[in-house]
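Quick caveat, the model's predicted, so the values are computed rather than measured. Chain naming here is simple, since letters A, B, ... match the order of the sequence lines and numbering starts at 1 in each.
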Amino acid sequence: MRHTRRLVGLVVALMLTITAAACSRPDSQEEAGRVLNIGATAEPVGMDMITTSGAAIPFVLLYNVYETLVKLDADGNIRPLLASEWTDSADGTVYTFTLQPDAKFASGAPVDADAVVASFERARSDAATEQIRSQWDVVDTIEATDAHTVTVTLRTPSNRWLYDLTGSAGIISDPTATDLATTPAGSGPYQFASWEQGSHVELTANDAYWGTAARFDDVFFRFYSDSNAMTTAMLSSQLDIISNLPVPTAVDQFADTSRFTVYEGSSQGEVVLGFNQENKALSDLKVRQAINHAIDRQALMDSVWGGKGQLIGSMVPPTDPWFEDLSDTYAYDPEAARALLKEAGYEDGLSITLSVPTLPYGPTSGRFIVAQLAEVGITVKLEELEWARWLDLVYTKHDYDMTIVAHVEPRDMRAFATEGNYWNYDNEQFNELLRQADEGTVEDQTTKLKEAARVLADDAAADWLFLLPNIVIATTDISGIQANQVSMSFDLTTLAARN
Amino acid sequence: MTTLRRVAVRLAWLVASLLLASLLIFAATNALPGDIAQIVLGTNASAGEADALREQLGLNRPFLARYGEWLLGALHFDFGTSYISGRAVAPLIASRFEVSFWLIAFGMLLAIVMAVPVGAYAAVRRRHADGAAVSALSQVGLAVPAFWAGIWLVIIFAVKLQWLPSGGYVSYWDSLGQWAVHLVLPVLSLAIVQASVISRYVRSSVIEVTGEDYFRTARAVGWSRSGALWRHGLRNIAISLLTVIGLQLATLLVGAIIIEQVFVLPGLGSLLLQAVGQRDLAVVQAVVLLLVWAVLLINFLVDVAYQVVDPRLRRTAEASA
């Protein structure tokens, strides 16, 4: 009996300890200096963006821990970073980069030509993912001309390559690092501190940074698979920033302007109603045009995405220099849709399956489209697929009629030119325009890509439902938030705390 | 049959169940739709790359060979490597286990601490309004899902009052205070629901005990009601309570998975959900196997404890042998 009493006493004491500890506010930041807590939706699956795919790794590490020779600014222009300047030969095949003389890695090792060559060679080796390696396909040789000069020779001129150098494919890693898969090592203003899988990645200020010093001592990227949990964490002051609010209807919770600032910019994510052009009906241009005419995209965006986002009409977001608003190519016109279907021989109706992933925009957009296509005589069977199933059936096996998915990679219009793309889209004119854009001057690039985007739109290669908004929520304490998402990085270098 | 032999028979059943469970889990996870190689490589991989990865992961080998190897590894706590991150599964599970363990342990402890006095009070005062009210309240508690309780606790204590964090976890190595603070709401959400279940058992057990002869005798020789209950009733109540707690532990495991989601706790439950979404089968298999084995083991221990604690059962068993 004495034992029982002792046990009860112990349990009560334990509970009292917890309660006592609970009475203080959850604030561990007192003496540790300024800490930044950022909520994000996708957790990286590894720490090496050269050998592991996924947008979540560059989101955390690019420009923060790893730097590139050239960087994208907020307007999408290419600017110097580790390269103080660069020149290209008249024919556009030889690039010479001059490195910042005082740049060094967090370990203290210099960012010299050898380190750059080693990083580039790693990015085009077999260790790299197919996606990274393919960005280096156009490169012939990489040479260290002297300690601070690197010369890269291309097989053919390529605007795309210099652009790709601003992303994961162009990161410069510390050659003295032992295991980049677990401990990223770069020359950025922050250095990697820890990764608690399932919870957060912690970065700390790199005190020896060669450029403008980091403005936060500690930065935590905290990952939330549930968006409700992320919004409540923000509301309960556990986060300083929500890096991208996945459900725009939750924006209203942050209406208190004394506490929060809401930034609404554009993202790189085109929500595409894709057509499998191997399907007999959908291989007919008239049917694709009819579907484009039958869907009121503004109403769809209003109803499923709270009116946030942008109508674009082709595979180009407004932050790219060759953007043109093509959303009126096939304006909402059910009459025209019916007429086109009749011309195509489907006046008695048409049955199509729409396979959508169970992502926030999928089923809701799907139901809207089912209703609208029914109006013009197209019977749509909606099929909801969990993401892994979607990847298998739609993306890999091309076993579908229509689908909806957001394509979030920057400058991904070329996906329509990729051999074996899941839309089974193949247009030689489009492919040729892309080739010319890549090999021509910067002006050529803009005009040719504009033309290419128009070809896609006219061809009704897909129906671009809308561009996802980039909604960032920050406390009023944080300044320097970039509303538009132009790169794969959540760039910490522009952020600061007001107090 | 002696107690020892009965335990031995149960042990044999346990081993058979553990093996059968492992086979079912392995078969079921292999039957999940979706190509692992394609998921691992993402949307930019070529068919050749996917083939090579399938070969490298050994996915082209016969089912039984893969099962045997996996089971042998699991017995040595070697669950292979994650398909997605390439890291070893065992240390990953070990780090996540800590979180779930504290959540469940404290959840159960708090539930018992709340349930015993509440149940006893409801029983003793059952003919009074306050006793009936307590009883009705626990009935309401039964109907509340843990995640709903969790969401309300978050709204009140994290969002409105800002006294406690809405989620996340801090290891006690880093800060004991923060560790405790981060566990309060999730533990409370689990405990409230569990306490309702357990308190109803306590109530009915107490009612039963107070009607027994030995209890009346104790009262007759001068013990107060609570004194008699404490001295003589508790042991009898403990036996049925033990069974209930054992059974409830299994449901608590499931409840913890949901609570970990609500409170963003990096435990086994959230690991499982994440791994299922990514088709990281090595992780899914390991977590499910451990959860199922834990349930089987708990049931076994409750069974054995029942045999040991309750002398009546032992005597009946011996008489019938």
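- Considering only heavy-atom pairs separated by less than 4.5 Å from chain A, the leading option among B:Gln261, B:Arg96, B:Gln274 is B:Arg96.
- Of the atoms belonging to A:Ser225, it is side-chain heavy atoms, and not backbone ones, that fall under 4.5 Å from chain B.
- Between the side chain of B:Glu260 and the main chain of B:Gly269, a donor-acceptor pair closer than 3.5 Å is present.
- Test A:Arg414, A:Arg124, A:Arg133 against A:Asp164 for salt bridge (Lys or Arg N to Asp or Glu O under 4.0 Å) and you get one pass: A:Arg414.
- With a 4.5 Å cut-off on non-hydrogen atoms, A:Glu196 does not touch chain B at all.
- Ranking A:Ser134, A:Ala233, A:Gly420, A:Ala181 against chain B, the residue ahead of the rest is A:Ala233, based on heavy-atom pairs under 4.5 Å.
- A:Arg222 contributes atom CZ, which lies 13.5 Å from atom CE of A:Met230 (distance to the nearest 0.5 angstrom).
- A donor-acceptor pair under 3.5 Å links the side-chain atoms of B:His182 to the main chain of B:Gln178, judged by distance alone.
- Only the side chain of B:Leu92 has a heavy atom closer than 4.5 Å to any heavy atom of chain A.
- Using modelled atom types, no side-chain atom of A:Thr232 and backbone atom of B:Ser166 make a donor-acceptor pair closer than 3.5 Å.
- Within the 3.5 Å criterion, the main-chain N or O of A:Phe220 finds no donor-acceptor partner in the side chain of A:Glu202.
- Both the backbone and the side chain of B:Val159 come within less than 4.5 Å of a heavy atom in chain A.
- A:Tyr422 does not touch chain B: none of its heavy atoms, backbone or side chain, sits under 4.5 Å away.
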